[in-house]
Amino acid sequence: LAGVYVPADIYVRYLRMKGEDVLLIGGSDEHGVPITLKAKNEGVTPQDIVDRYHGIIKKSFEDFGISFDIYSRTTNKTHYDTASEFFKTLYEKGEFIEKESDQYYDEEANQFLADRYITGTCPSCGSEGAYGDQCESCGSSLNATDLINPVSMISGSVPVIKKTKHWYLPLDKHEPFLRKWILEDHKEWKANVYGQCKSWIDQGLQPRAVSRDLDWGVPVPVEGADGKVLYVWFDAPIGYISATKELTPEWEKYWKDKDTRMLHFIGKDNIVFHCIVFPSMLKAEGTYNLPENVPANEFLNLEGDKISTSRNWAVWLHEYLEEFKDQQDVLRYTLAANAPETKDNDFTWKDFQARNNNELVAILGNFVNRAIVLTHKYYNGKTPEMGTAVEEFDKNSLAEIDVIVKKVETSLDSFRFREAIKEMMNLARLGNKYLADTEPWKLIKTDEERVKTIMYISLQITANLSVLMEPFLPFSAIKLQTMLNLSGLKWTDLGKTDLLTPGHIINKPELLFAKIEDETIQVQLDKLEATKSANIVAAKTAAPAKENISFDDFTKMDIRIGTILEAEKVAKTKKLLKLTVDTGIDKRTVVSGIAEFFNPDEIIGKQVSILVNLAPRKIRGIESQGMILMGEDANGDLVFIQPSKQVKAGSEVR
RNA sequence: GGCGAGGUAGCUCAGCUGGUUAGAGCGCAUGAUUCAUAAUCAUGAGGUCGGCGGUUCAAGCCCGCCUCUCGCUACCA
């Protein structure tokens, strides 16, 4: 929400209020591989899975006030048609590279087999149980087609070799264009976006496969492509187009008109797809506009830890909407004010509370309340005349409205939402200061004419505020406008000093924002604490035992106590240490992925358990002759399996 | 390991092509005030700008090395 939907919604509401013809398009990307895995796990179809979530997500967005013109999904027919057509166009234009290769096919399961799903005898060492991509015994890298006696791991049948064709989008071909378009013509893009694009382009782009041998996705729409679907990253961005089509017959205007500006609001993990891949697709197709900007944001953490839906480390929108009824704007405000625009940021409930109590309640809500309460007290809710006692200070204060509006516009136009929302709050600050400086509650006893002017101006500030806050706090803006008995105001009304005309009746004051008490926050913190505990418990639960093996199988393993003699980091790797171990039998080299947990110096001289008859395997060009046994705890921390007291190197472990 | 982004007051962040005493909001302290949801207004305290070295008359901004965080990437038990 923080990085993508809230900023996008603010921006779009702003443009709509300016009277621009704008659409906010979004949708669920439903062809991801995790979806098929989840379906398999639960024994249901992928469609069941996506049906379950799409509705919930869509409704949550709606209730939260993310004003999508359409929130669609990539499993609907329009999308299938659109994506197919898009592919066909590129295909016919010769924008793809076709590569044919031999691949095993399981005739029983009716599908092509990924290398990992094929097992057989290794052609180089003759051992059984080698996988299609490599032999675990000798470590050689294999082509699946080289395996002797291959067997499908899915059905157990003997697979047949079939030619399979895949299509690749030659990103390298578009490199000169991308270089100019991004690196020269879009220097104004955010540093994080520009930097990552530059990095990709400078490293040289490779052709990227756009098809896969899977059964979940949009079928590849050319002859001889049975059982092939569009790779998810290819079809997903086309979803933006499909959704627009679904929404309006005039969809082409939004995608192809020269004057249309397209923007992608995304998270930083999606930069490459939206800045390099999708634009290349659009360019290749030829008739579409390219994005004008991609204001990608960084990530928002939660109470110091990365948000993770699988670990339930998250604030679920549908739960928030229930537990904080009618307080969408509080979360919108907090998220916008903390948007991770330049670096990852942290959401904390304490900050949420503080933003509400110290800013929304104290500054904004309070000012509005003061103005309206006083109006009712002095004039029974009737807007007074401007009065004749207008001073320089009054004029300056009114003029200040325009200055603030301009600043908000500048900030929004350059996608600086934190700055924009802060400026918006400054209008409420202006109001508070105006009241404090003019003190109408004192003057009412001595100078009623002057008080009319003061209240008139205070009300105009309030009315302006109700418009200015609308993109950010739409629910509260409507509430305030209802209180003021106003409606249909536009962005161009901002700065006007007669939004409420003399005699205009305003309604009774209601509080815009309610204080949030410590207990309420504590409930949320407790909930997260419970999640944390649950995760720890879950992590403590040991994995289920593997299948039984015979004693013979066990005795095949030759495990010894060895002593580490030397240790050094393998260059250009993060995890690997190259160890020299005295096994008692010999001194041998072992490559071990423990560099993140041990300094080479610290472990020299340590006794460890080592599997000495594991087939050698080349890792990073170094032949590893054995495996150091490690214990791994739930956090992934590694510890050595060591003898409880010093024993002779070469002692057997049984 | 390579690449990208970031490391500025207690917290969240500004700081444009290097130039006088480094800014804002919140928090904190003091004072004023009472129309208002004990809200508001004023004033103030608080920073060796991640570390070291360099270029320059001048560096938070430029260069080098190091370090920490996040992301992308790599033949990653």
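Lettering of chains follows the sequences in order, A, B, ..., and the numbering in each one begins at 1. What you see below is based on every heavy atom in this structure, not just the backbone, and it leaves out hydrogens, waters and symmetry mates.
Rounded to whole Å, the distance from CD1 on A:I276 to C1' on B:rU73 is 14 Å. Rounded to whole angstrom, the span from the OH atom of A:Y434 across to the P atom of B:rA42 amounts to 16 Å. We find that CZ of A:F393 is positioned 11 Å from C1' of B:rC41, with the value rounded to whole Å. Going from atom CD of A:E419 over to atom P of B:rG23 covers 18 Å, rounded to whole Å. For A:Q196 and B:rC70, the CD to P distance is 16 Å, given to the nearest whole Å. Summarising the geometry, the separation between CD on A:E423 and C1' on B:rA24 is reported as 10 Å, rounded to the nearest angstrom. For the pair A:L577 CG and B:rC76 C1', the computed distance is 13 Å after rounding to whole Å. Spacing between atom CZ of A:F367 and atom P of B:rA39 amounts to 18 Å, rounded to whole angstrom units.
A 3.5 Å limit on both hydrogen-bonding distances identifies B:rA32 as the Watson-Crick or G-U partner of B:rU40. In this entry B:rU55 has no Watson-Crick or G-U wobble partner, no candidate having both defining distances under 3.5 Å. Across every strand in view, B:rA14 sits unpaired, with no contact that passes the Watson-Crick or G-U test at under 3.5 angstrom. Using N1 to N3 plus N6-O4 or O6-N4 for Watson-Crick, or N1-O2 and O6-N3 for G-U wobble, each under 3.5 Å, B:rC72 pairs with B:rG2. With both pairing distances under 3.5 Å, B:rA9 is matched to nothing as a Watson-Crick or G-U wobble pair. Across every strand in view, B:rA45 sits unpaired, with no contact that passes the Watson-Crick or G-U test at under 3.5 angstrom.
Here A:K190 does not reach the OP1 or OP2 of B:rG6: none of its side-chain N or O atoms lies under 4.0 Å away. Not one side-chain nitrogen or oxygen of A:R370 sits closer than 4.0 Å to the OP1 or OP2 atom of B:rU33. Contact check, A:R355 against B:rC26: no side-chain N or O comes under 4.0 Å of OP1 or OP2. A:N358 has no side-chain polar atom (N or O) that falls below the 4.0 Å cut-off from OP1 or OP2 of B:rG25. Contact annotation: A:K343 side-chain N/O to B:rC13 OP1/OP2 distance is under 4.0 Å. Taking 4.0 angstrom as the limit, A:N345 places a side-chain polar atom (N or O) nearer than this to OP1 or OP2 of B:rC13. Under 4.0 angstrom from either OP1 or OP2 of B:rA38 there lies no side-chain N or O belonging to A:K515.
Remark: aromatic rings of A:Y5 and A:F265 are distant, center separation not under 6.0 Å. Ring centers of A:Y333 and A:F472: at least 6.0 Å apart, outside the cut-off. For A:F324 and A:W349, the ring centers sit closer than 6.0 Å to each other.
Which of B:rA39, B:rA77, B:rC26 sits closest to the side chain of A:E359 comes down to B:rC26. Out of B:rG25, B:rU34, B:rA36, the shortest distance to the side chain of A:K422 is found at B:rG25. When distances are taken from the side chain of A:R429 to each of B:rC26, B:rA14, B:rA36, the shortest belongs to B:rC26.
Looking at heavy-atom distances under 4.0 Å, A:I201 makes no contact with the nucleic acid at all.
The aromatic rings of A:W181 and A:H186 stand perpendicular to each other, their planes meeting at an angle above 60°, with 30° marking the opposite boundary.
Residue A:Y11 comes nearest to A:L263 through the heavy atom pair CE2-CD1, 3.3 Å, listed as atom of the first residue, atom of the second, then distance.
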